[in-house]
A.B. asks: 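First the structure, which I've put down as structure tokens, then a few questions once you've had a look.
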Amino acid sequence: FCAELFPARLRCQGIALSYNIGMSFLGGFAAAISQAFYQLDDLFPGIYWTCTGIVTVVTIFVALSLYDRDWVKLTHRRSEPYFGKSIMPTIPTMPPPRLKMRGRS
């Protein structure tokens, strides 16, 4: 789903950049954030992590609802991104070849 938001030639870099930024903020600062919340109250770190889980679940449900409405396809087979045009040439898809069984017509 996220990969198709980027043009085909920038897909790997776009996913890598967004993944690493997200992991550095959530994963890198997780201990400091939890410690700061713990100094305020014992329950705040749990509330923080519960909220991050809720954001994840909401994101999954939004993606599935967009998929049900055919606004996005949750595959990696698009030659163009959802937003804007790709400068890469499109490759026509061909049906799979039919295989013949020996001894049968």
Side-chain angles (χ1 to χ4, degrees):
F1 169 69
C2 293
E4 295 174 359
L5 297 175
F6 300 100
R9 65 184 181 91
L10 297 175
R11 239 172 237 170
C12 182
Q13 294 157 339
I15 290 296
L17 182 66
S18 57
Y19 174 80
N20 285 312
I21 288 173
M23 290 308 288
S24 66
F25 281 110
L26 279 178
F29 294 121
I33 292 171
S34 294
Q35 185 65 33
F37 282 154
Y38 185 74
Q39 290 175 356
L40 296 174
D41 192 298
D42 292 351
L43 294 177
F44 280 171
I47 293 170
Y48 170 71
W49 288 109
T50 301
C51 290
T52 59
I54 290 170
V55 167
T56 302
V57 170
V58 167
T59 303
I60 291 170
F61 282 128
V62 167
L64 290 175
S65 70
L66 292 175
Y67 176 75
D68 288 340
R69 296 178 187 167
D70 285 334
W71 287 9
V72 294
K73 297 210 181 289
L74 301 179
T75 64
H76 301 283
R77 297 184 181 183
R78 293 180 57 91
S79 59
E80 293 184 7
Y82 286 108
F83 307 108
K85 290 281 187 181
S86 175
I87 62 171
M88 300 295 288
T90 58
I91 300 171
T93 58
M94 297 176 55
R98 297 186 81 170
L99 301 175
K100 292 184 178 180
M101 301 292 288
R102 290 186 185 174
R104 295 184 183 182
S105 54

A.B. asks: So if I apply the side-chain contact (heavy atoms from CB on, under 4.5 Å) rule between Ile60 and each of Val62, Leu64, Val57, which one comes out positive?
C.D. replies: Leu64
A.B. asks: Give every donor-acceptor pair under 3.5 Å between a side-chain atom in residues 40-55 and any protein atom, sequence neighbours left out.
C.D. replies:
residue : atom : partner : partner atom : Å
Asp41   : OD1  : Leu43   : N            : 2.9
Trp49   : NE1  : Ser34   : OG           : 3.0
Thr50   : OG1  : Gly46   : O            : 2.7
Thr52   : OG1  : Trp49   : O            : 2.7

A.B. asks: Find the distance between CG (Asp68) and CZ (Phe61) and round it off to the nearest 0.5 Å.
C.D. replies: 11.5 Å
A.B. asks: When hydrophobic residues are tied together by side-chain contacts of less than 4.5 Å, even through go-betweens, does Phe25 share a cluster with Tyr19?
C.D. replies: no
